[in-house]
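Below you'll find the structure, written out as structure tokens, and then a few comments.
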Amino acid sequence: MNMGLFLRRGFPISITTLCLVLFSLPVAAATQNQTVCLQCHGSQTGRGGAVVKPWQESIHAENGTSCQDCHGGDPKDAVNAMNPARGFLGVPKEIEIPSFCGRCHIGIRDDYLQSAHGKALGHGGPTCVTCHGSHDVKKATLDIINEKNCSRCHTYARAAELKAAMEQTEKRIVVIEERLKVYKGEGVDTEARGKALFSARNRYHRLFHEVNTAKVKAESAQIITELDKIQRDFGNIESERQKRKITGVAAVSGSLLAALLFYLLRKTYD
Ligand code: HEC
Ligand code: HEC
Ligand code: HEC
Ligand code: HEC
Ligand code: HEC
């Protein structure tokens with residue numbers, strides 16, 4: 001067999017990739033558990049041990065972001081693990097938290113720093129951990145905006161207005177996501193529409209940290225225009241499907257008719 005052709009079809013490549021993924025998953029999990037940070041802190045009872053379980057249940061653990069990725073230090077050397085000479089940063093002070101988390105969440109850090117919240121950093125404003133926690137960080141949703149979290153420092157009214165503006169767009173995004181999933185399941189090519197949705201969704205998710213309700217409203221209007229475009233495109237998919245159905249029905253009736261004619265002809269000659 002022509003191996004080049006065989007490979008170009010992608011079949012053995014996907015098998016290889018699958019094997020690589022399957023084999024590297026448990027390995028990645030094992031190396032993560034083997035850090036000296038987790039070994040030593042996992043067996044502590046005080047404040048040093050209390051952080052481990054919440055971290056294990058966090059979105060960071062799920063994505064392989066471990067103790068040393070935030071706190072620095074040497075995860076392979078138990079004796080020097082927390083030595084500043086090995087990059088150990090310790091616990092950040094309150095005003096250092098946005099840049100501590102912002103090493104990885106750069107865009108969000110910038111939006112936050114220029115917001116009313118960022119400007120109040122160090123004198124009454126919330127930091128990243130006020131809203132997300134430090135070790136028990138979960139996937140972020142608009143549920144974080146609630147009376148309990150947002151009325152500690154000011155009235156809830158302004159938070160509620162911001163949330164209402166964002167919820168409207170969120171609902172539209174979810175509806176489109178569900179439709180795309182159905183189309184994809186039916187074998188429709190959804191790549192371009194998926195990309196458009198992804199970009200609109202990212203822009204939308206960045207909106208919160210500026211806590212600027214007027215801006216959220218203005219940008220939401222733009223994002224909704226983009227979503228409208230994607231949904232209009234769904235109209236095209238529907239009419240394509242309709243056409244395909246009609247052609248299908250025509251083809252089936254055509255062959256039935258042919259079969260009938262054939263049968264009648266044979267009867268005449270028999
Ligand atoms: C051999 C044991 C051991 C190892 C290994 C270890 N730690 Fe610690 N760590 C401790 C102890 C003990 C404390 C103090 C806990 C307390 O106050 O109850 C501590 C405290 C900390 C603190 C808080 C420091 C402070 O100033 O309050 C952080 C952050 C920390 N460890 C992160 C790490 C990271 C990251 C690693 C791996 C790179 C690591 N640790 C490895 C034993 C260890
Ligand atoms: C996503 C970043 C992040 C990760 C991952 C992370 N930490 Fe932390 N940790 C922080 C922040 C931020 C603080 C300061 C919290 C605050 O001020 O509320 C902190 C505080 C601590 C403290 C001091 C707690 C206290 O009660 O004073 C210890 C100890 C600690 N971390 C150890 C660890 C260990 C061990 C791991 C791995 C299991 C870990 N951290 C993983 C961000 C992180
Ligand atoms: C070493 C890099 C790194 C640091 C430092 C870090 N994170 Fe993350 N964070 C990640 C990764 C990777 C993910 C998972 C992928 C994603 O959703 O972006 C994530 C996910 C998140 C999410 C969920 C995002 C979502 O999709 O809903 C939140 C919230 C979050 N981090 C907050 C924080 C906070 C708060 C801190 C500081 C205490 C912090 N992160 C520090 C890497 C980091
Ligand atoms: C006043 C509360 C608050 C503060 C302060 C805050 N966040 Fe958020 N964060 C939220 C809310 C609410 C969302 C969910 C927004 C949404 O669903 O669109 C969110 C979403 C996120 C996400 C997910 C974005 C995405 O693309 O899905 C990350 C990551 C994140 N925040 C990290 C941070 C970091 C890092 C900081 C500090 C620089 C920070 N947050 C400060 C409330 C806060
Ligand atoms: C730790 C205190 C604190 C918490 C918690 C907090 N805020 Fe704020 N917030 C502030 C401060 C300080 C300001 C700026 C001064 C002011 O306008 O009162 C502010 C301002 C605002 C503004 C007005 C921004 C502007 O440009 O006018 C909005 C909107 C807002 N916060 C939303 C929220 C939401 C939503 C939450 C909950 C997820 C929240 N806040 C939680 C302290 C807080």
Side-chain angles (χ1 to χ4, degrees), residues 32-105 111-112 114-138 140-167 207-217:
Q32 208 182 78
N33 287 330
Q34 274 161 11
T35 70
V36 296
C37 322
L38 285 166
Q39 276 166 11
C40 190
H41 279 268
S43 60
Q44 288 175 33
T45 47
R47 65 190 263 274
V51 299
V52 177
K53 194 162 181 284
W55 169 80
Q56 277 167 341
E57 290 165 358
S58 72
I59 190 165
H60 285 129
E62 202 182 298
N63 284 275
T65 302
S66 193
C67 320
Q68 70 279 4
D69 296 313
C70 278
H71 291 289
D74 189 338
K76 292 203 188 82
D77 181 347
V79 179
N80 294 299
M82 300 201 297
N83 191 334
R86 299 280 174 92
F88 185 64
L89 300 166
V91 177
K93 294 190 195 75
E94 188 193 352
I95 57 159
E96 293 167 346
I97 288 175
S99 48
F100 189 83
C101 305
R103 276 177 296 156
C104 302
H105 303 289
D111 287 349
Y112 162 85
Q114 54 163 297
S115 73
H117 282 161
K119 285 181 185 140
L121 175 63
H123 40 272
T127 72
C128 319
V129 304
T130 314
C131 297
H132 295 290
S134 45
H135 299 102
D136 55 344
V137 178
K138 296 283 173 3
T141 69
L142 292 179
D143 294 343
I144 296 174
I145 310 176
N146 58 49
E147 188 125 24
K148 186 165 157 270
N149 285 345
C150 309
S151 61
R152 271 166 47 193
C153 312
H154 46 64
T155 63
Y156 181 59
R158 46 169 76 168
E161 197 190 352
L162 185 67
K163 184 175 184 173
M166 294 199 70
E167 259 174 345
L207 275 175
F208 173 77
H209 295 93
E210 288 184 65
V211 290
N212 181 339
T213 307
K215 186 166 176 189
V216 165
K217 283 184 177 162

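For this chain, numbers begin at 1 and follow the sequence in order. Every value quoted in this text rests on a predicted model; they were computed, and no experiment measured them. Indexing begins at 1, ligand by ligand and atom by atom, following the structure's order.
With M166, E147, K163, H154 as candidates, the residue nearest to atom 6 (C) of ligand 5 on a non-hydrogen basis is H154. Within the set R47, H71, M82, Q44, the minimum heavy-atom distance to atom 31 (N) of ligand 1 is found for M82. Among C150, A160, G125, the residue whose heavy atom sits closest to atom 37 (C) of ligand 5 is C150. Of the listed options K119, K215, R158, R158 places a heavy atom closest to atom 17 (O) of ligand 5. When the options A81, G73, G42, G72 are ranked by their closest heavy atom to atom 35 (C) of ligand 1, first place goes to G72. Looking at V91, T127, V129, it is V91 that brings a heavy atom closest to atom 22 (C) of ligand 2.
The protein atom (non-hydrogen) at minimum distance from atom 38 (C) of ligand 2 is C67 SG, 2.8 Å. Residue, atom and distance of the protein heavy atom nearest to atom 20 (C) of ligand 2 are H135 CE1, 3.5 Å. For atom 33 (C) of ligand 5, the nearest protein heavy atom (residue, atom name, distance) is H117 CE1, 3.4 Å. Closest protein heavy atom to atom 2 (C) of ligand 2: C70 SG, 1.9 Å. Looking only at heavy atoms of the protein, atom 11 (C) of ligand 2 is closest to S134 CB, 3.7 Å.
Contact annotation for L38 and ligand 2: only side-chain heavy atoms (C-beta onward) come within less than 4.0 Å of the ligand.
Of all atoms in ligand 5, listed by their number and element, those nearer than 4.0 Å to a heavy atom of A159 are 34 (C), 35 (C). With ligand atoms numbered from 1 in the order given, ligand 5 contributes 12 (C) to contacts under 4.0 Å with heavy atoms of A120. Interface atoms of ligand 5 facing I145, defined by a heavy-atom separation under 4.0 Å, are 35 (C).
Not close to ligand 2: V137, with no non-hydrogen atom less than 4.0 angstrom away. The closest approach between a heavy atom of N149 and any atom of ligand 5 is below 4.0 Å. Judged by the shortest distance from any of its heavy atoms, V51 lies inside the 4.0 Å radius around the atoms of ligand 2. The shortest heavy-atom distance from S66 to ligand 2 is under 4.0 Å.
Distance screen at 4.0 Å: atom 15 (C) of ligand 5 has no protein heavy-atom neighbour inside the cut-off. Distance remark: protein heavy atom not present below 4.0 angstrom from atom 27 (O) of ligand 5.
When distances to atom 8 (Fe) of ligand 5 are checked against a cut-off of 2.8 Å, C153 contributes no N, O or S atom below that limit.
The shortest N/O to N/O separation between H41 and ligand 1 falls below 3.5 Å.
The number of heavy atoms from other shown groups lying within 6.0 Å of CD1 (I95) does not exceed 12.
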